[in-house]
Structure formats: C-alpha cells, structure tokens
Visitor: 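One structure coming up, written as structure tokens, with questions to follow.
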Amino acid sequence: MNYWLFKTEPGCFSIDDLKSRPDMTEHWDGVRNFQARNFLRDTVKPGDLVLFYHSNIAEPAVVGIAEVVREGYPDFTAFDPQAEHFDPKSSVEKPIWYMVDVQYVKELKRPVTLERIKSNPLLSEMPLVRRSRLSIQPVTAEQWQIIMAMGGEER
DNA sequence: GCCAACGTTGGC
DNA sequence: GCCAACGTTGGC
C-alpha cells in the first residue's frame, strides 16, 4: 500500500466536490505531465491513500484524504476534441494519458498548509517542497503520519 | 498579476 | 541529440 499527494485547483475540483458525492468514484483525469502519468499508469493502486491538496490559491494546503479505488486506465478525456485537456496525439489504440478513480475518505480536522509543511524539517524531502510543480507525488509512510498528526487526526 | 522553475517542442 | 523558445504551474 502506497501513499500519494494529488494536487488540484479547488476552483476546478475541490474536496467539497469530492465530499458531496461520497458514494461515487471520481475520475482523476486531465493529468498531462509524463512523470505524473507514469505514477498513475504504473504505481498508483486501489487501496492507496491520497493527500488531497488544494493548489494555486492564497493558502495552499492538504485538506483531506481520498482512497484510490481503480488503478490506472486510459484518460478518455484526451480523446474528446471538446474536452479541456484534449490531446490529438492520444488515441484509443495508443493512449498516452492515464487516470485513476478515487473516493472521498475524510476531511482533515485542521488543514495542513504549505507554510506549515515547509516549516517542518521532517518534511523537507517532500517533492511538494523540493519541486513544487509535480501534480502526483509519492509520500512516505513517515511523512503521512506526520501530516496526519499536523492535521489533528488520531493515529 | 508577476515571475521563477521547469517541462515540452521543434529547428538545426 | 542539443538547446533556445515557448508554455504552464503554482507560490507569492
């Protein structure tokens, strides 16, 4: 079982959107970065837990937890010329982009802001701190525990 | 809204 | 296969 951090702009898709449909799976689509794609296609598996991170806002933060419920499969939004992330180079026969499905687990009692993450020396190795642009990032078990504690969650 | 970081594209 | 130009991300 692995841990991850998935970024999303809340104006596009937020924890409230996920929470409002707790019994439904949501497609994590639109990822158009090869390194992130490789994680989604090859490494992210059902049962993995995800830090749900709100980016590109005044106070970026980990705000909740999601669970992966379907492993990587072709991102069909890349095939749709009307879709925002349409990619003419990707096809049903030879898909380039992949997505997984996730389900709501919980909101953190207290959001863990990027500011708090950056100020914790134990989290200095997180890609979020080191290379902030990657939208799908692995998280170690230790980092997960620390962020849970910072978020006010029980062990 | 600015701009640094960095990923991608394309000419050569 | 190099690298300059360009586009995007995302913190501030």
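Everything numeric in this text was worked out from a predicted model, so none of it was measured. By convention in this document, chain letters (A, B, ...) are assigned in the order of the sequence lines, proteins followed by strands, and residues within each chain are numbered from 1.
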Visitor: Mark yes when over 12 heavy atoms from residues, nucleotides or ligands other than K94(A) sit less than 6.0 Å from its NZ; otherwise mark no.
Guide: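 No - once you tally the heavy atoms of other residues, nucleotides and ligands closer than 6.0 Å, there are 12 at most.
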Visitor: CE of M126(A) versus P of dG11(C): gap in Å, rounded?
Guide: 12 Å
Visitor: E59(A) CD to dC12(C) P: how many Å, rounded?
Guide: 11 Å
Visitor: Between Y53(A) and dG11(C), is there a side-chain N or O to OP1/OP2 distance below 4.0 Å?
Guide: yes
Visitor: How close or far is atom P of dG11(C) from atom CD1 of I117(A), stated in whole angstroms?
Guide: 10 Å
Visitor: Could you tell me how far apart L134(A) (CG) and dG11(C) (P) are, to the nearest whole angstrom?
Guide: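 It is 13 Å, rounded to the nearest whole Å.
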Visitor: NE2 of H54(A) versus C1' of dG11(C): gap in Å, rounded?
Guide: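 Distance check: H54(A) NE2 to dG11(C) C1' gives 16 Å.
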Visitor: For the residue pair W28(A) and D101(A), confirm or rule out a side-chain donor-acceptor distance under 3.5 Å.
Guide: no
Visitor: Please produce a list of atom pairs where a protein N or O lies less than 3.5 Å from an N or O of nucleotides 1-8 of chain C.
Guide:
{"unit_1": "dT8(C)", "atom_1": "O2", "unit_2": "R133(A)", "atom_2": "NH1", "d": "3.2"}
{"unit_1": "dT8(C)", "atom_1": "O2", "unit_2": "R133(A)", "atom_2": "NH2", "d": "3.0"}

Visitor: Answer with yes or no whether the side chains of D75(A) and T77(A) bring together a donor and an acceptor at under 3.5 Å.
Guide: yes
Visitor: For R21(A), I'd like to know if atom CZ has over 12 heavy atoms of other residues, nucleotides or ligands within 6.0 Å.
Guide: yes
Visitor: Students often mix this up, so state it plainly: with edges at 30° and 60°, are the rings of F52(A) and H54(A) parallel, tilted or perpendicular?
Guide: perpendicular
Visitor: Which is more 5' along DNA chain B, the nucleotide nearest N56(A) or the one nearest Q35(A)? Just name the residue.
Guide: N56(A)
Visitor: Has the side chain of Y73(A) got a donor or acceptor atom that lies under 3.5 Å from a matching backbone atom of F76(A)?
Guide: no
